[in-house]
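Quick note: numbers below take in every heavy atom, side chains included, and nothing from hydrogens, waters or symmetry partners.
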Amino acid sequence: MKTKSILIASLSWFIASLACLAAPHAMTMPMAKPAATSATASQPAQAHVDAAWVRAAPPGATMMAGYMAIHNDGKTPLRFVSAQCDAFGMVELHQSSIVNGMSTMRAAGEQTIPAGGVLHIQPGGLHLMLMQPKHALKVGDSVRFRLVFSNGSSTDVVAPVTAQAPL
């Protein structure tokens with residue numbers, strides 16, 4: 001019975017997170033104060049991140065979603081390869097879309113950010129699918145991501161856990 005309750009809560013959270021697809025204004029994530037970033041010592045990052053956040057989920061949820069805007073500050077394209085998170089065993093970049101009236105989600109793979117461009121990871125589109133939580137997270141907690149790029153650089157980002165996109 002407990003498993004059924006957790007499944008229903010997780011499904012309810014997932015359906016609620018799709019509500020942003022019905023409201024066009026929800027597709028634009030408001031900008032937040034820039035998140036803390038740093039580069040690895042071996043290769044300076046040519047990226048900075050802002051508007052980072054993780055959507056809070058019901059207790060017992062086995063998946064959550066993370067969002068942010070990754071800015072390429074360089075003069076050449078930058079390829080976003082992967083992300084790791086201290087609070088989850090697995091992180092994948094996924095794409096949400098509507099196909100034949102049904103919401104679908106699939107792995108998105110690596111993404112190229114044009115010189116001076118921005119990769120928007122936001123509700124209703126690209127998102128970081130956060131799986132295998134290492135501990136329960138609640139509103140007010142924060143998690144650390146390491147974003148890895150094909151040029152060997154990485155950027156660390158701290159994202160708050162919130163019920164909705166930060167203002």
> Counting N and O atoms only, with roles assigned by atom type, does the side chain of N100 sit under 3.5 Å from a partner on the main chain of M102, one being a donor and the other an acceptor?
Replying inline: no

> How close do P114 and N72 get, heavy atom to heavy atom, and via which atoms?
Replying inline: O-ND2, 3.2 Å

> Between M68 and L147, is any pair of side-chain heavy atoms under 4.5 Å apart?
Replying inline: yes

> Roughly how far, to the nearest 0.5 Å, is the CD atom of Q111 from the NE2 atom of H120?
Replying inline: 12.5 Å

> Do V49 and V81 share a hydrophobic cluster (ILVMFWY, side-chain heavy atoms under 4.5 Å, transitive)?
Replying inline: no

> Between M64 and P133, is any pair of side-chain heavy atoms under 4.5 Å apart?
Replying inline: no

> Hey, quick one: are V143 and V139 part of the same hydrophobic cluster, counting side-chain heavy atoms closer than 4.5 Å, chains of contacts allowed?
Replying inline: no

>> Tell me the closest heavy-atom pair linking A87 and L137, and the distance in Å.
In response: CB-CD1, 4.1 Å

> What closest approach, in Å, do G117 and I113 show between heavy atoms, and which atom pair accounts for it?
Replying inline: O-CG2, 3.5 Å

>> Tell me whether the rings of Y67 and W53 are parallel (<30°), tilted (30 to 60°) or perpendicular (>60°).
In response: tilted

>> Nearest 0.5 angstrom please: T162 OG1 to R55 CZ, how far?
In response: 8.0 Å

>> Measuring only between side-chain heavy atoms, which start at C-beta, is M129 closer than 4.5 Å to M105?
In response: yes

> Are F80 and T155 close enough that some pair of their side-chain heavy atoms sits under 4.5 Å apart?
Replying inline: no

>> I need the minimum non-hydrogen distance between V118 and A69, along with the two atoms involved.
In response: CG1-CB, 3.9 Å

>> For the CD atom on E110, are there more than 12 heavy atoms of other groups (residues, nucleotides or ligands in this structure) within a distance under 6.0 Å?
In response: yes

> How long is the span from the CG atom in L119 to the NE2 atom in H71, to the nearest 0.5 Å?
Replying inline: 10.0 Å

>> Once rounded to the nearest 0.5 Å, what's the spacing between atom OG1 of T112 and atom CG of L78?
In response: 8.5 Å

>> So which atom in V54 and which in A159 form the shortest heavy-atom distance, rounded to 0.1 Å?
In response: CG2-CB, 4.2 Å

>> Exactly one of L128, D86, D156 should register a side chain to side chain contact (heavy atoms under 4.5 Å, CB included) with F145. Which one does?
In response: L128

> Side chain of Q46, backbone of T76: donor and acceptor closer than 3.5 Å?
Replying inline: yes

>> Measuring from atom CE of M131 to atom SG of C85, what distance do you get when rounded to the nearest 0.5 angstrom?
In response: 11.5 Å

>> Looking at every heavy atom in both L93 and G109, which two are closest together, and how far apart are they?
In response: CD2-O, 3.5 Å

>> Please say yes or no: joined through hydrophobic side-chain contacts below 4.5 Å, possibly via intermediate residues, are L126 and F149 part of one cluster?
In response: yes

> Can you find a pair of side-chain heavy atoms, one from V161 and one from K138, that are under 4.5 Å apart?
Replying inline: no

